[in-house]
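Working notes, structure below.
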Amino acid sequence: MSLHRLKNWLYDNIILEARDTKSLQQLAPLYNDYLPWSGASIRPSTLVYILNDIMIHNRKVVVECGSGISTLFIARFIQKMGRDVAFYSIDHDIHWLDLIREEVTKQELSAFVRSIRAPLVHSSHCWNDEHRWYDPEAIGKSFSETNIDLLIVDGPPANRKGQEFSRYPAVPYFQSRLK
């Protein structure tokens, strides 16, 4: 890596860290308990953009591919806004989804998020035969909404070699349901 590219990379990361620090301050009123934030979690600044979008554009149907810390913040935000928002969170990992569901219940947010378990399978929406995405049949059993006005694609995992296009099916699958 050249010195110029290294400087740019460092500068970009410092800016992102500063945005995330400011965003965490904005998010603090939504949660007082500890929440596990990992390297795989959505960036705090991205989460603030999502919450802003929900509020500013008066979103009515929100679908999240990939449950996690964002699920908890979005559900709490919907609760505090007092608006009627249908929020669906899809994940493939039953253990992770159980952990999120447990936290949702503990935080009394069950009325504000509908969790959908959909194992990863190959479907016609996948990029190629090697890729897997959420089982369309499992989603279809729990989800009949049309007019999705916010689709958040943060899953399934795409951080390893061979998974680069694992999130590609989200738009083709939901396209006919997007507002």
Looking only at non-hydrogen atoms, find the nearest pair between [X] and [Y] and report the distance.
X	Y	value
Gly68	Ile100	CA-CD1, 3.8 Å
Ala138	Pro119	CB-CD, 4.2 Å
Thr71	Gly66	OG1-O, 4.5 Å
Val153	Ala170	CG2-CB, 3.7 Å
Leu151	Cys65	CD1-SG, 4.2 Å

Supply the atom-to-atom distance [X] [atom1] to [Y] [atom2], rounded to the nearest 0.5 angstrom.
X	Y	atom1	atom2	result
Leu30	Gln79	CG	CD	9.5 Å
Ile139	Ser144	CD1	OG	13.0 Å
Ile15	Ser45	CD1	OG	11.5 Å
Ile42	Ile152	CD1	CD1	6.5 Å

Mind checking whether [X] and [Y] sit in one hydrophobic cluster, side chains of I, L, V, M, F, W, Y counted as touching below 4.5 Å?
X	Y	result
Val171	Leu150	no
Leu27	Ile69	yes
Phe165	Ile90	no
Leu99	Val104	yes

Quick one, [X] and [Y] - any side-chain contact, counting heavy atoms below 4.5 Å?
X	Y	result
Tyr134	Pro169	no
Val121	Pro136	yes
Leu47	Ile74	yes
Leu120	Asp135	no

Sequence neighbours excluded, every pair satisfying salt bridge (Lys or Arg N to Asp or Glu O under 4.0 Å) that has a member inside [range]:
range	result
residues 84-93	none
residues 72-81	none
residues 16-29	Glu17-Arg43, Asp20-Arg43
residues 160-179	Asp154-Arg167

(message) Going by ring-ring contact (aromatic ring centres under 6.0 Å, His included), name the residues that satisfy it together with Tyr173, two or more places apart in sequence or in a different chain.
(response)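 For Tyr173, the residues satisfying ring-ring contact (aromatic ring centres under 6.0 Å, His included) (neighbours in sequence not counted) are His125, Trp133.
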
(request) With sequence neighbours left out, write down each residue that passes ring-ring contact (aromatic ring centres under 6.0 Å, His included) with Phe73, or none if nothing qualifies. (result)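 Phe73 satisfies ring-ring contact (aromatic ring centres under 6.0 Å, His included) with Tyr31, Trp37 once adjacent residues are dropped.
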
(message) List the residues meeting side-chain hydrogen bond (donor to acceptor under 3.5 Å, both in side chains) with Ser70, not counting sequence neighbours, and say none if there are none.
(response)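 Partners of Ser70 under the side-chain hydrogen bond (donor to acceptor under 3.5 Å, both in side chains) test: Glu64.
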
(message) Using a 6.0 Å cut-off, check whether atom CD of Glu108 has over 12 heavy atoms from anything other than its own residue.
(response)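 No, the 6.0 Å shell around CD holds no more than 12 heavy atoms from other groups.
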
(message) Please enumerate all residues that pass side chain to side chain contact (heavy atoms under 4.5 Å, CB included) together with Ser115, with sequence neighbours excluded.
(response)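 Checked Ser115 against side chain to side chain contact (heavy atoms under 4.5 Å, CB included); matches are Leu97, Arg101.
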
(request) Would you mind listing every ring pair (Phe, Tyr, Trp, His ring centres under 6.0 Å) that reaches into residues 79-123, with sequence neighbours excluded? (result)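 Listed once each, the pairs are Tyr88-Phe143.
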
(message) Test your reading of the model: is there a side-chain donor-acceptor pair from Ser166 to the backbone of Pro157, 3.5 Å cut-off?
(response)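 Yes; at least one donor-acceptor contact below 3.5 Å.
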
What side-chain donor-acceptor pairs closer than 3.5 Å can you find for residues 49-63, not counting sequence neighbours?
unit_1: Asn52; atom_1: ND2; unit_2: Val48; atom_2: O; d: 3.4
unit_1: Asp53; atom_1: OD1; unit_2: Arg59; atom_2: NH2; d: 3.2
unit_1: Asp53; atom_1: OD2; unit_2: Arg59; atom_2: NE; d: 2.7
unit_1: Asp53; atom_1: OD2; unit_2: Arg59; atom_2: NH2; d: 3.1
unit_1: Asn58; atom_1: OD1; unit_2: Arg83; atom_2: NH1; d: 3.3
unit_1: Arg59; atom_1: NE; unit_2: Asp149; atom_2: O; d: 3.4
unit_1: Arg59; atom_1: NH1; unit_2: Asp149; atom_2: O; d: 3.1

